Structure formats: C-alpha cells, structure tokens
Colleague: 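Before we start, here is the structure in question, set down as structure tokens.
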2 protein chains.
Amino acid sequence: MKKAPTIRDVAAAAGVSVSVVSRVLNPDSGPVAPAKREQVLSVISDLGYRPRAAARELSAGHALTVGLVVTDLANPFFAQLADRVVWEARSHGVQVVVMTTQEDPHLEAESLDTLLDRSVGGVIATPTGGNIEKWDRLRDLGVNVVFVDRAIAELGDVDVVSIENSDSARRATDHLIALGHERIGLVTGPASTSTGRSRIGGYRAALESASIDIDPILVRDVPFRGDGGGDAVGSLLALPEPPTGLIVANTAQVQSSVRRLVQMGVRIPDDLSVIVFDDNPWTELTSPPLSVIRQPIGMLAVHSLELVLGRMQGRLPAGARTIEVKADFVPRSSCAAPARSATSKSATR
Amino acid sequence: MKKAPTIRDVAAAAGVSVSVVSRVLNPDSGPVAPAKREQVLSVISDLGYRPRAAARELSAGHALTVGLVVTDLANPFFAQLADRVVWEARSHGVQVVVMTTQEDPHLEAESLDTLLDRSVGGVIATPTGGNIEKWDRLRDLGVNVVFVDRAIAELGDVDVVSIENSDSARRATDHLIALGHERIGLVTGPASTSTGRSRIGGYRAALESASIDIDPILVRDVPFRGDGGGDAVGSLLALPEPPTGLIVANTAQVQSSVRRLVQMGVRIPDDLSVIVFDDNPWTELTSPPLSVIRQPIGMLAVHSLELVLGRMQGRLPAGARTIEVKADFVPRSSCAAPARSATSKSATR
DNA sequence: TACAAAAGTGGAACCGGTTCCACTCCGGTA
DNA sequence: TACCGGAGTGGAACCGGTTCCACTTTTGTA
C-alpha cells in the first residue's frame, strides 16, 4: 500500500514552491510563468498526483458535493431522478451523496445533519414536510437547498423545481371527461404537500368547468409510504357508485394501486379507465399499456442541479425561484368511454 | 449566514483544551475526567457543535465514505441495490457517493479517480470489465474494493458478492425442461463477465444432464447497454426452429426483451414460456405475471457493505472472499408445457 | 534613463480536526 | 519517606490543500 504524492512532493520534484503548484492547479488564482507551468504539469503527470478533496474542502469551508435526499431509491421515479442528477453532476465535476428518508422526518433530520457535517455545497431534496427549523438552519449555514417535486408551504423562500401539477391533473381529468366519464376517482399524495394540493386543484377545476359535481368521497389523499394506494383503490371500487375513471396521481402509490386492480380482476379499460402519474419502465408492459402523465425527470434533474450549482457559485440573483416544467400526457390503451350503465357496475367487484 | 462552531470554540467555552474535547469525541483515544466529560458534552449540545468531516478525513487520511459504482440507477436492479446499500451504510454511520458508468470503461476510470480523490474507504462496484490496472492501483492505495453481481477474471484477489449464477440458471433451465421444453433460448450478459459465463454453464449443465443437445444458436450473450435483448429475442423467434422456452438472464435486458415480446404479440405462455432473471417491481404486473429468478438484493447489499466496512476497520483476515447467495425461483404464470408441434410454430411470427 | 506598474515567486499562516508527547498530579508500594 | 506508575491534561505538530503578503524581476511608459 503506497502513499499518494502530495502537493509538496510535486513542488519539490518540480523545483518550485507549493504556491506555484497550487496556482497551476487553480488557473485563476494567480500568475505562473508558462515554462514553470509546463514543468509542474509534467511532474504532476509523472507522479500521478491528484489533489485530495478533503484538504481542499477543509480550507474552502465547503465541498464540491451535493446531497440528494429522497424517499428511497426503490421507487423508479426517485431512482431515475437520482440517475439523472448523478449524471448531470458528473459533467460539472460534482459528486452526489445519496440519502434516503423513508418519509420519516427523523431520518430526514439525521440525513441533513450528516450532510451538514460533510459541508456539502447544496442539497436537492423531496422534503417530508417536517423539520422546518432544520431546513432553515441548513440554509443559515450557507447550504443551498432546492426542493424537487414538492414544496413546503412553511418555507417560502426556497427554490423549487416541479412539474405543473395542477395543469397535469387537469389534463388527465379532461381526458377522462372527454371520453364521457363523470365519476372520476383521484388517488393523490398527502394534502399537506403542495403537490397533493395542486393536483387536487387541477382535478377540481376540470370537473367544475365541465359542470360536473365534485364528490369528495372520490378523492383520496394517501401517504407516500405503505399500501395506501391499493387500499384506496379497493375502497373506491367498493362504493355504491364506484368511479368509472381513475387517476393515480401519487407516484409512490402507482405500483400498489395497479397491483390491487390486477388482483381484483378489474378489466381495464372496460370496467375502469386508468391514468397514472408518472411513466415507469413498466407502464407500457402491462396489459393494456397504461396512459400516463410523464414527468420529464431529466428536466427536473437538470434544473435542480442548475439551481444548486448556480447558487453555490454565487452566479444567481438572490430570491427564491420556482421552476415548473410541463409534463407530457402519454395516451396508451387504458382509457375508453365508460360502460353504458355506470351505476350498475358496482357488481363488478 | 452564520459560522458553525469549531472544536476550539467548544474548548474555550468549556474551559478545557482541544485535546480534551477531541478525547470526549473519540472515547477510546484517551482518558477524560468524568466531570469534564459532562462539562464538554453540555457545551457541545449548547453550541450545537458538530465536527467537520473534512477535517477528520484530512488527518485520518481516509473518509468514512464508500463509493458505489454501478451502470446506472434507471435499472431497477441497481436502483434497489443502491437503496439497500445506502440504507445499510446509514446504520453504520457511513455515507455513500454514487457514480454511474453507463458500462463505459472511460467513465468508470473517471469515477474511480474521483473516488480516490475523495479518499473513500471502500468501493462497491459492478465493474465494466476494463480498467484492470486502475482497480489494482486503487487497492494499492488502500481502497477496499468489493465487486457485486460480477467478477473480473483478471482480478483474482478481490472480494466478490453475487448470487449462485450457475445454480440459478440451472434451476430455471430445469424448470423448463421438466415442463417438456427442449429448445430453450438463453439471453445472457457478455461472455466476458463471470456472471455471463456461469449462467451459460448452469444452462448447459441442465441440458446435458437431461441429455438434450445444446444448440449454440439458442444462446445469445448481449451487452448490458442498448437494445440487444430485444434484438436477440427477435432473432431467436425468427429461427426456423424457434425456442419454446426462453430464459432472459441479463438483468439489464429484461425490459428490452419483454417489450419486444409484447410488441411482437407473442402469447405467453402459449407460444413461449418465459423466465427472467431478476424480480422487478413490475414482473407481477404484466400479463401473465412472469416467473422470475429473484436476486436477494438486500443480501447482496448487506454482504457487500459488511465486507467493505470489515476491511476498512481491519477486522477481516487477509485474502479475498467470495460470497454467493442463493437466488429464489419464483414461479408465476409465464411457463407452461410447450405446444404440441413445436417446430410448426415458426409461423407464429 | 528613471520609475511606476505588473508579473512571478516563495514563505507562512490557516482551515478543523487527531495524536504524540511532556508534564502534573494522584494513590499505592517498598 | 522515597519512588513508581497511571490518570488526566494541555501544547504543538501534523494532515494537504489555499491564500495572503512581501519580495524580486520584468515590462512599459514618460
């Protein structure tokens, strides 16, 4: 086990001082004579010298690292988000430390502390909704925070990147209405999240402008964790007047919801038209392939990172920014006109 | 933007020297009078002091961080692996830096350099197969390396954690043979990987002990990237004597392969019995639900991390270790006895 | 030719921890 | 009573970078 060379080894071998080597390493930090620069560069490559990140961080006070804090990576949405964030970060020479919260504020708090210890320059997160003070403290200490996919109402001045939640929900609802559906179920995220509320808003707006009465019993906000999606689906279909259309607008509950539909033997789209939020690798492999709202995950990642890095480098004006990107509606084969006598279908179950 | 307190602030406030504070922080590094210990702890909590990781790393020479180097996180297998690794790492107070290679040795090399700069204590990786010297250098510099899911033949003395590839392939093949299949297609990973070779080995062994001739044209080793799986499937089914059973033993190509089957309108299991390697969230949502070999991803993660941390703490004997965990065969509904006149089915296409 | 401004260089402090070592107290033993 | 060993403590060096500053050498302009 060898010892890696340090900047002083390089300086000695090149016959210059460490200052010069450092200036070669950081081109804008001062002048270096062209001849010496070549000299130093050649020694660096001979010795295979690489600057230790820890030393740089210590003296800079912050690391070229961003934390990515999401629920978990088993969820394809977060996995793909992480994939894109890691990819984008690499092209900027930034590393990503991934932490998961399992939607538990305690784990979230612990993650934030850890990231703080590491002096990360920024954090990209889907917040659980708790830890208001902790987020504040983090930002007080100079960590740049960007929320992605969700916002927290109590934290107003934070950068947020999300899709146009209200508009997306509205378009999904409009699509079902256009097919003739009037009873449309909505499974969404917790009403405590901005995302959940916006989607409910879009759903309502669509129904209202079609002059369809809103039946609150058709709207179910379920937590991100657990099997609430499946349960909501079961309960919706067990209603005396079950919905003929269903929108699953809770990314984390899509799988649970669809599994339940399959288990119950619900025929799609004959018994039920279905639209789900967020395109997974498998949504086109089910039968029938599912119509989806596709979140442009790459865009979310790019913008989040852009914001974090922009703030880290201080090249963004003060003031929180909210970026909303348009989501695509991808029609496949899971939607059709409702069966004639919608009400008689309660027997389906 | 405040300034976080340092160990010297704590020492001053507690009226002791930094040495004492450090010893309180690291209980086994020396004696501290109980009274002073309490004193210091109380100041620490008052000030909200947290030690900077960078400073510790600099003086320790290595970080409490492991690198996770995988193809990408869009693949559910790697995403779940990452999820479990991050989770396990947290419980040991270790952070995970995730990097992706896209199966490109250049990107892999770059990732390793970056991790080296960060002085990570260990790396868990699914190697691309290249960069032999680089891996060697990494280990020379004291970075503990564990390969997961694959090994590299040229690097003999590396810890490896994988499933029992040969045995798993054999069981899948046996299952199809028992149903009466004789022409069984195999889509596997590159023959340059240990994983690919072992699975082919298990497949052959099963056929041999059933006295079935091995037709090399039925075995396709395709790269992890690209759409090779779908193409292999298309080409297999276009054979004059197409297989009646298919094993997709390339985790990264399952989606591509199944998508092609769906597009071609192949009826499963009537036209073709299918077993795929690795249980995804969606394998039970397709119709019919797919029979799978389920990799115990949690086990892979636990063992990999166990090895890396064990080596980092020097509590493991020298000598590379190979851990193989058993994979489950999960029968669902994608396998049946072959149709009577197997040979006449070339018209199916 | 004279002198100010700019280019180039190296020494040394600094970032915030850890660790070695010298030193002061103790109590216990000869 | 003299001495030894260990608990407890603080000073200072060290890890490997960055950066400030003083200093020397150019270069350009009056």
Side-chain angles (χ1 to χ4, degrees), chain A residues 2-40 43-44 47-65 93 114 116-121 141-142, chain B residues 2-40 43-44 47-65 93 114 116-121 141-142:
Chain A
K2 294 175 222 147
K3 199 178 152 302
T6 74
I7 197 172
R8 289 173 227 272
D9 297 330
V10 174
V16 299
S17 71
V18 292
S19 317
V20 173
V21 179
S22 178
R23 281 196 290 268
V24 170
L25 258 29
N26 310 56
D28 290 334
S29 62
V32 180
K36 297 220 170 180
R37 148 166 282 110
E38 291 310 315
Q39 170 88 347
V40 169
V43 170
I44 285 180
L47 264 52
Y49 166 75
R50 315 211 86 225
R52 238 64 97 242
R56 193 171 272 173
E57 284 170 25
L58 180 56
S59 104
H62 64 93
L64 273 183
T65 304
T114 302
L116 204 50
D117 298 347
R118 302 199 59 96
S119 318
V120 295
L141 289 166
Chain B
K2 294 175 223 146
K3 199 177 152 300
T6 74
I7 197 173
R8 291 174 224 271
D9 297 330
V10 173
V16 299
S17 72
V18 293
S19 317
V20 173
V21 180
S22 178
R23 281 195 292 266
V24 170
L25 258 29
N26 311 54
D28 291 333
S29 63
V32 180
K36 296 220 170 177
R37 149 166 283 111
E38 290 313 314
Q39 170 89 348
V40 169
V43 169
I44 286 180
L47 264 52
Y49 166 75
R50 316 210 86 226
R52 237 67 95 241
R56 194 170 271 173
E57 285 170 24
L58 181 56
S59 107
H62 63 93
L64 273 183
T65 305
T114 302
L116 204 49
D117 298 348
R118 300 199 60 95
S119 320
V120 295
L141 289 166

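As a basis for the values below, the full set of heavy atoms in this structure was taken, side chains included, without hydrogen atoms, waters or symmetry mates. Since this is a predicted model, take the numbers as computed values, not measurements. Chain letters run A, B, ... following the sequence lines, proteins first and then strands; every chain starts at 1.
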Colleague: Can you measure from CG (B:Asp117) to CG (A:Leu64) and round to the nearest 0.5 angstrom?
Modeller: 11.0 Å

Colleague: Looking only at heavy atoms, what is the nearest atom pair of B:Arg52 and B:Ala4, with distance?
Modeller: NH2-O, 3.4 Å

Colleague: From the 5' end of DNA chain C to its 3' end, which nucleotides mark the outer limits of contact with chain B, defined by a 4.0 Å heavy-atom distance cut-off (strictly under)?
Modeller: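 Boundary nucleotides touching chain B, in 5' to 3' order, are C:dG16 to C:dT19.
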
Colleague: Mind listing the residues from residues 49-60 of chain B sitting with a heavy atom below 4.0 Å of DNA chain D? Number order is fine.
Modeller: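 Listed by number, they are B:Leu58, B:Ser59.
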
Colleague: Atom CZ in A:Arg50, atom CG in B:Leu141: separation rounded to 0.5 Å?
Modeller: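 The CG atom of B:Leu141 is 11.5 Å from CZ of A:Arg50, to the nearest 0.5 Å.
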
Colleague: Excluding sequence neighbours, so at least two apart, what forms salt bridge (Lys or Arg N to Asp or Glu O under 4.0 Å) with B:Arg118?
Modeller: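 Per chain and number, B:Arg118 pairs via salt bridge (Lys or Arg N to Asp or Glu O under 4.0 Å) with A:Glu57.
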
Colleague: Do any side-chain atoms of residues 17-33 of chain B form donor-acceptor pairs under 3.5 angstrom with protein atoms, and if so which ones, sequence neighbours left out?
Modeller:
unit_1: B:Ser17; atom_1: OG; unit_2: B:Ser19; atom_2: N; d: 3.4
unit_1: B:Arg23; atom_1: NE; unit_2: B:Pro31; atom_2: O; d: 3.3
unit_1: B:Ser29; atom_1: OG; unit_2: B:Asn26; atom_2: O; d: 2.7

Colleague: Show every salt bridge (Lys or Arg N to Asp or Glu O under 4.0 Å) that has at least one partner inside residues 2-11 of chain B, sequence neighbours left out.
Modeller: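 Applying salt bridge (Lys or Arg N to Asp or Glu O under 4.0 Å) to every pair that reaches into residues 2-11 of chain B, excluding sequence neighbours, yields A:Asp140-B:Lys2.
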
Colleague: Looking at every heavy atom in both A:Tyr49 and A:Thr6, which two are closest together, and how far apart are they?
Modeller: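 Minimum heavy-atom separation between A:Tyr49 and A:Thr6: CE1-C, 3.5 Å.
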
Colleague: Can you give me the closest heavy-atom contact between A:Ala55 and B:Leu58, atom names plus distance?
Modeller: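 Reported closest heavy-atom pair: CB-CD1, 3.8 Å.
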
Colleague: Any idea which heavy atoms bring B:Pro5 and B:Leu47 closest together, and the distance?
Modeller: CG-O, 3.7 Å

Colleague: With the threshold set at under 4.0 Å for non-hydrogen atoms, list the residues of residues 19-38 of chain B touching DNA chain D in residue-number order.
Modeller: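 Hits under 4.0 Å, by residue number: B:Ser19, B:Val20, B:Arg23, B:Pro31, B:Val32, B:Ala33, B:Lys36.
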
